[in-house]
Amino acid sequence: MKDVRLIALDMDGTLLMSDHWTLPQRNIEAIRRADAAGIHVCIATGRMLEDASDFIHRFELPCAIIAANGARASDGALPGGKILFRCSFAPEDAHKAIDLLMASGMMINGFEDGLVSTVQDGTRRVYHLVARGLIDARYGEAALRAAADRGLMKLFAVGLGSDIGDTPDARIAPLRESLRRALPHLQITSSASGNIEIMPAEAGKGAALERLAAHFGLTREAVMAMGDAQNDLSMLQYAAHSVAMGNATPEVRAFCRYETLSNDECGVAAMIDRVLAAKGD
């Protein structure tokens, strides 16, 4: 653990508390201590680059960003951060995925830089980045299909509950299986029990983390990753030092080398303190 030079942190269920908004001061201070000790820190999230950038600016964090589950990566927050990597769906893949998602009756969001195209499900939910003024929105299937032709980075289907899919929905499992059969080369995962996230084949938090480590001149032996959900597994697999949050799914907990406290107990800060203590030994 004393050789760790890059720490990748998931946001929801990891860095943030369970309200998906509060960033504990203890985690903020731990990230700043890690940076001062020469350790790179990266936020690795399914959220959009604009969303992660907003958090970095609000809390003045010295972090790189992996966004949209690895479809985008930057060396810092927008607008000043340099884009290190980006990828988008081939239009035919996006349209085929949209066909399956439309049949589910769920809310569908398709993301480009600075823009979401949404097919609503009758609940009239507004995506939270639009409500916060961080990105623009277009509505309806025609808008989503046009975005697919331009090049989407991510498709996000939401079932019951809020616009992040934090309520279990029986439609998720069969839809995920249909997508995997029809489009086995794409990245298909979930960040909560009521959503499905679909990314291009070359995306994924693990692939993006490997690229970011190379950007810093590091190998996987110097990388730590912390997460709680299925969409974190690829980066946990890549990192030599994999950490499950105390609130992680059984799948994640069984996979990881280490375990820390839950997100609501500031498990990120507790693990960073362990890393810093090991470097001081």
Heavy-atom side-chain contact between M1 and M271 under 4.5 Å: yes
Closest non-hydrogen atom pair between A94 and A148, with its separation: CB-CB, 3.7 Å
Heavy-atom side-chain proximity of V119 to I98 below 4.5 angstrom: no
Heavy-atom side-chain proximity of D228 to V252 below 4.5 angstrom: no
Joint cluster assignment, I65 & I272, ILVMFWY side-chain distance < 4.5 Å: yes
Salt bridge (Lys or Arg N to Asp or Glu O under 4.0 Å) partners of D19, counting only residues at least two apart: none
Non-neighbouring partners of K2 that pass side-chain contact (heavy atoms from CB on, under 4.5 Å), sequence neighbours left out: A278
Any M235 side-chain heavy atom under 4.5 Å of V223 side chain: no
Contacts of F85 that satisfy ring-ring contact (aromatic ring centres under 6.0 Å, His included) - sequence neighbours left out: none
Side-chain heavy-atom pair M245, T260 within 4.5 angstrom cut-off: yes
Sole residue of L15, T14, L236 in side-chain contact (heavy atoms from CB on, under 4.5 Å) with M226: T14
Close side-chain approach of S74 and L49, heavy atoms under 4.5 Å: yes
R138 atom CZ, neighbour heavy-atom count above 12 within 6.0 Å: no
ring-ring contact (aromatic ring centres under 6.0 Å, His included) against H241, all qualifying residues, sequence neighbours excluded: none
Residues forming a side-chain contact (heavy atoms from CB on, under 4.5 Å) with D136, sequence neighbours excluded: L115
Minimal non-hydrogen separation, P184 against R181, with atom names: CD-O, 3.7 Å
Polar side-chain atom of D75 near backbone of K82 as donor-acceptor pair, under 3.5 Å: yes
Donor-acceptor contact below 3.5 Å, side chain K154 vs main chain G46: yes
Partner set under salt bridge (Lys or Arg N to Asp or Glu O under 4.0 Å) for R257, not counting sequence neighbours: none
Stepwise side-chain contact (heavy atoms from CB on, under 4.5 Å) test for V126 and Y139: CA-CA 10 Å; V126 175; Y139 293 95; 4.0 Å; yes
Set of salt bridge (Lys or Arg N to Asp or Glu O under 4.0 Å) partners for R180, sequence neighbours left out: none
Spacing of NE2 belonging to H128 relative to CG belonging to L134, to within rounding of 0.5 Å: 9.0 Å
Min side-chain heavy-atom separation S190-N195 under 4.5 Å: yes
Spatial distance of atom CG (N231) from atom OG1 (T45) [nearest 0.5 Å]: 7.5 Å
Chi angles and distances behind the side-chain contact (heavy atoms from CB on, under 4.5 Å) call for E50, R132: CA-CA 11 Å; E50 294 84 358; R132 289 159 57 195; over 6 Å; no
Any donor-acceptor N/O pair, S104 side chain to L101 backbone, under 3.5 Å: yes
Distance-only check: which donor-acceptor pairs under 3.5 Å involve side-chain atoms of residues 199-216, not counting sequence neighbours?
residue	atom	partner	partner atom	Å
K205	NZ	D10	OD1	3.1
K205	NZ	A44	O	3.0
K205	NZ	D232	OD1	2.6

Transitive ILVMFWY side-chain link Y127 to M106, under 4.5 Å: no
ILVMFWY network linking F55 to M17, side-chain heavy atoms under 4.5 angstrom: no
From CG (L6) to CZ (R220), nearest 0.5 Å: 13.0 Å
Where at least one partner belongs to residues 90-107, residue pairs that pass salt bridge (Lys or Arg N to Asp or Glu O under 4.0 Å), sequence neighbours excluded: D99-R145
D54/L129 under side-chain contact (heavy atoms from CB on, under 4.5 Å): CA gap, chis, key distance, verdict: CA-CA 10 Å; D54 181 55; L129 296 191; over 6 Å; no
Beyond-backbone contact of N69 with Q187, side-chain heavy atoms, under 4.5 angstrom: no
Closest approach of C87 to R72 (non-hydrogen atoms, all atoms of both residues): O-NH1, 2.8 Å
By salt bridge (Lys or Arg N to Asp or Glu O under 4.0 Å) - contacts of E112 (at least two apart): R150
Within 6.0 angstrom of E259 CD, more than 12 heavy atoms from elsewhere: yes
Joint cluster assignment, F111 & V158, ILVMFWY side-chain distance < 4.5 Å: yes
For residues 29-43, tabulate all N or O donor-acceptor pairs below 3.5 Å that involve a side-chain atom, not counting sequence neighbours.
residue	atom	partner	partner atom	Å
E29	OE2	Q25	NE2	3.4
R32	NH2	F59	O	2.7
R33	NH2	D273	OD1	2.6

side-chain contact (heavy atoms from CB on, under 4.5 Å) partner of I188, chosen from L155, I198, L175: I198
Distance (rounded to the nearest 0.5 Å) between E177 CD and I172 CD1: 13.5 Å
Partners meeting side-chain contact (heavy atoms from CB on, under 4.5 Å) with S18 (sequence neighbours left out): N263, D264
CD1-CE distance between I66 and M11, expressed to the nearest 0.5 angstrom: 13.0 Å
In one Ile/Leu/Val/Met/Phe/Trp/Tyr side-chain cluster, 4.5 Å: M102, M107: no
Pair T189-Q230, side-chain hydrogen bond (donor to acceptor under 3.5 Å, both in side chains): steps then yes or no: CA-CA 6 Å; T189 187; Q230 184 187 66; 3.1 Å; yes
Expected output: side-chain N247 to main-chain G13 donor-acceptor under 3.5 Å: yes
side-chain hydrogen bond (donor to acceptor under 3.5 Å, both in side chains) evaluation trace for E251 with T249: CA-CA 5 Å; E251 182 181 21; T249 65; 4.8 Å; no
